[in-house]
Amino acid sequence: MMTHRRILVTAALPYANGHIHIGHLTEYVQTDVWVRFQKLRGNQCIFICADDTHGTPIMMRARQEGRSEEALIAEMSEHHRRDFAEFHIDFDNYGSTNSEENRHLCGEIWKSLREADLVVEREIEQLFDPEAGVFLADRFVMGTCPNESCQAPDQYGDNCDVCGSTYQPMDLKDPVSTLSGAKPEVRPTKQLFVRIEQFHEFLEEWISTDNHVQPEIANYLKGQFLKDPLRDWDISRPTPYFGFEIPDSPGNYWYVWFDAPIGYIASTKQWCDGNDQQLDDWWKSESTEIHHFIGKDITYFHTLFWPAMLKSAGFQLPTAVHIHGFLTVNNRKMAKRDGTFVLARTYLNHLDPSALRYYLVSKLGSRLDNIDLNLEELVNKINADLIGKVVNLASRTAKFVQSVGLSAEYPEDGGLFHRAAALGDEIAEAYENLEYNKAMRLILSIADQANPYVEDAQPWVLRKDESKAQQLQDVCTVALNLFRQLVIYLSPVLPELREKTERLLNVTLDSWEASKTPQVGTPVAKFQHLMKRIEEKDVQAMIEESREANAAPKSQDSDEPLKAEPLAEQCTIDDFIKVDLRVARVVAAELIPEARKLLRLTLSLGGDETRTVFAGIKAAYQPESLVGRLVVCVANLAPRKMKFGVSEGMVVASGTGGEEVFLLSPDDGAKPGERVH
RNA sequence: GGGCCUGUAGCUCAGUUGGUUAGAGCAGGGGACUCAUAAUCCCUUUGUCCGGGGUUCAAGUCCCUGCAGGCCUACCA
């Protein structure tokens, strides 16, 4: 018998700025399955989550919608809760970072940081948007890359997409606020920093021991952050900011990444208050395990800052931070354009949540690989595995024993039940270690033995001979007991199947141990469908709706590009004329193997006039597809020395970069060398 | 440029501390059955285990190297 464990589990807090989509669901399903598994094993386990509600994006959106932040986050919370509930994601408490409990705990932890003398005040300069009246985070500023050899326009405030260099938003040339289009001013602000370097040795030790993080993550952190002194962590934001004002620093607010993880504790506190529990038993007790499930994008907050904060405030550190990869659909990044950016709600409009749960779980392992949702495979897998093999077992036998129930004693079955029970240990180990794909393989192997058993025993023949009634009952008793084992093993993934099976077999399947003892002598209810097949057309309809819901209305294009990059200030015709745009023909296009983004183009402006241009379009265009086509180039741009040679101009394109690059082409009839007026 | 990961049948993947003829599911082909949500069962085809070296009695499995793909991160390692 295993020891009774007390386990606290969290999933990342979804941001209150958007709806839940199937990418999010990978994490919540992974976590929910683990929690349900622990509960089934008899451990005391609670699943804690909350909405992450603070920060500039929430503030700006509320303003835009003309309502309070509180109204916005309250509505979002409703949506999130409903989506999760319908995907059978069952939190013990779902809170909000904008709660009194959280404010209080932030204060407590803050006090510990102060007392340990870990907080320093420093004056820094930040960009301020005079029109919107807010300080601008890096991503709210765009301008020209300050790198002399790059000068790419329209880059964010922290780094350049084109040359990859990093810099401060102050360094950008011609910066523009993406909120208002105004030119930001540089203003000094006093901000608070946490001297996290104090924890350097401790963190190095912590990430290297006891599987606190996956080995590849430990490796990454050591190589990426811990090899140098850790930089002070900028933990405050000046007013206006939607969040908690720092008690001993009026006008300053805690940065959202300070109060968000504390939200885990605050949400636990709410649960404790409602369940007669002591918070300290969960967050300050060595006998409690704490497991965080997060995506790889937020690794650094959870493996460096968070342990440091907990450590200094005397809280228990996580037992493990489990990090997973991202979800792709049909092997591509989810994209609105492809209809693969599917909201949880849109999925629910067309398909059974159990299907996605099973599919994701059958793909998930313990590593942080990305996982792919192949829609064709989804249909196939659900129908073949769950309907054809698992549910079919009950479907083909239950009605034969509807009137008599299960046999009074468990019949001879050639060791089938015993073997499946023994396999339970291995399945449990796979669940425990987050090797869900392995667990599903093992479980399905039971169904693969059960169906031939039924085939061989031929209950449909037995029932025609009244003298074989006992034999018939026995065969169905075996099949339904194997089915019952399957359902227990699958119940962390498919809670709905469990409930329906409980009704069919008149039992409660709330313990893993139950899989070891056969069920006998109980009545069997009238068989009803336990799960529906998936139809290809429903998947198609879901994709269509995702496309429509996200695409702009037909007569009107989306305002997103303009919002992302507001109009520049007015210029005169003289300004415009300075830029000599010419039609050019691509006469050669070469891959530069060492370059990540660049292609080397040779452009002809007619006659002998040519230009060599390095263009950041490698991800978007095949070189051979470019040769011969017409493009528009900036012909009088000052040459720039680049890593692979001198670039003598630019080709004109729109798009956000990467694969999203669209070259301009003149209509038919244009000739190389013609000026664009 | 650096770091990490991956590369096994058409597809998705298993292959335990190196040990006999390399496996499963799906797909494909053939057959059986009719209880079941056109479900199920049986039989069946396919592999330069990415390439090249090396260690070993023995390598998909260990070492080196090359190639390809993915992710992360940078003229700092």
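Lettering of chains follows the sequences in order, A, B, ..., and the numbering in each one begins at 1.
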Could you check whether [X] gets within reach of a base, just the sugar-phosphate, or nothing at all, counting any heavy atom under 4.0 Å?
X	result
Phe400(A)	sugar-phosphate
Pro452(A)	sugar-phosphate
Leu530(A)	base
Val454(A)	nothing

Arg231(A) atom CZ, over 12 foreign heavy atoms within 6.0 Å =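 No - once you tally the heavy atoms of other residues, nucleotides and ligands closer than 6.0 Å, there are 12 at most.
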Side chain of [X] (C-beta onward), nearest among [options]:
X	options	result
Arg396(A)	C35(B), C42(B), U12(B)	C35(B)
Trp460(A)	U37(B), U12(B), C33(B)	C33(B)
Glu455(A)	C26(B), U37(B), C35(B)	C35(B)
Asn380(A)	U12(B), C26(B), C35(B)	C26(B)
Ser395(A)	U12(B), A14(B), U37(B)	U37(B)
Arg463(A)	C35(B), C26(B), C13(B)	C35(B)

If I pick the [atom1] atom on [M] and the same atom on [N], what distance separates them, to the nearest angstrom?
N	M	atom1	answer
G30(B)	G69(B)	C1'	38 Å
A22(B)	C50(B)	P	15 Å
C4(B)	C42(B)	P	46 Å
A68(B)	A24(B)	P	33 Å
U17(B)	G54(B)	P	27 Å
A36(B)	G18(B)	C1'	47 Å
U44(B)	G3(B)	C1'	47 Å
A14(B)	U55(B)	P	31 Å

Is there a Watson-Crick or G-U wobble partner for [N] with both distances under 3.5 Å, and which nucleotide is it?
N	answer
U17(B)	none
C71(B)	G3(B)
C26(B)	G10(B)

Rounded distance (Å) that lies between atom [atom2] of [N] and atom [atom1] of [X]:
X	N	atom1	atom2	result
Glu376(A)	C26(B)	CD	C1'	11 Å
Leu442(A)	G15(B)	CG	P	11 Å
Tyr300(A)	C4(B)	OH	C1'	20 Å
Gln214(A)	C71(B)	CD	P	18 Å
Arg231(A)	A74(B)	CZ	C1'	12 Å
Leu444(A)	A39(B)	CG	P	16 Å
Ile323(A)	C5(B)	CD1	P	15 Å
Asn374(A)	A27(B)	CG	C1'	13 Å

query = Using the ring of each side chain (for Trp, its six-membered ring), is Phe225(A) parallel, tilted or perpendicular to Tyr300(A), with breaks at 30° and 60°?
reply =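 Phe225(A) vs Tyr300(A) ring planes: tilted.
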task = Over 60° means perpendicular and under 30° means parallel, so classify the ring planes of Phe305(A) and Trp233(A), tilted if in between.
result =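 Aromatic pair Trp233(A)/Phe305(A) classed parallel.
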Pairwise 5' ranking along RNA chain B for Lys363(A) and Ile387(A), keeping only the more 5' one =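 By nearest-heavy-atom nucleotide position, the 5'-most residue is Lys363(A).
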ask   = Between Asp385(A) and Gln458(A), who's closer to the 5' end of RNA chain B by nearest nucleotide?
value =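 Final value for this comparison: Asp385(A).
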task = Check whether any side-chain heavy atom of Leu351(A) lies under 4.5 Å from a side-chain heavy atom of Leu356(A), and answer yes or no.
result =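 No; the side chains remain at least 4.5 Å from each other.
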message = Less than 3.5 Å apart, any donor N or O on the side chain of Tyr410(A) or Asn481(A) sitting next to an acceptor on the other?
response =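 The answer is no; no qualifying pair exists.
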Phe87(A) and Tyr28(A) aromatic centres sub-6.0 Å =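 No, ring centres 6.0 Å or more apart.
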task = Please determine if a side-chain N or O atom of Lys296(A) lies less than 4.0 Å away from the OP1 or OP2 oxygen of C72(B).
result =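 Answer no for this pair, as no side-chain N or O of Lys296(A) is under 4.0 Å from OP1 or OP2.
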message = Check this one for me: any side-chain N or O of Lys389(A) less than 4.0 Å away from OP1 or OP2 of C26(B)?
response =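 Looking at the OP1 and OP2 atoms of C26(B), one of them is under 4.0 Å from a side-chain N or O of Lys389(A).
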task = Tell me whether the guanidinium CZ or amine NZ of Arg463(A) lies under 6.0 angstrom from the six-membered ring centre of Phe400(A) and within 45° of its axis.
result =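 No cation-pi geometry.
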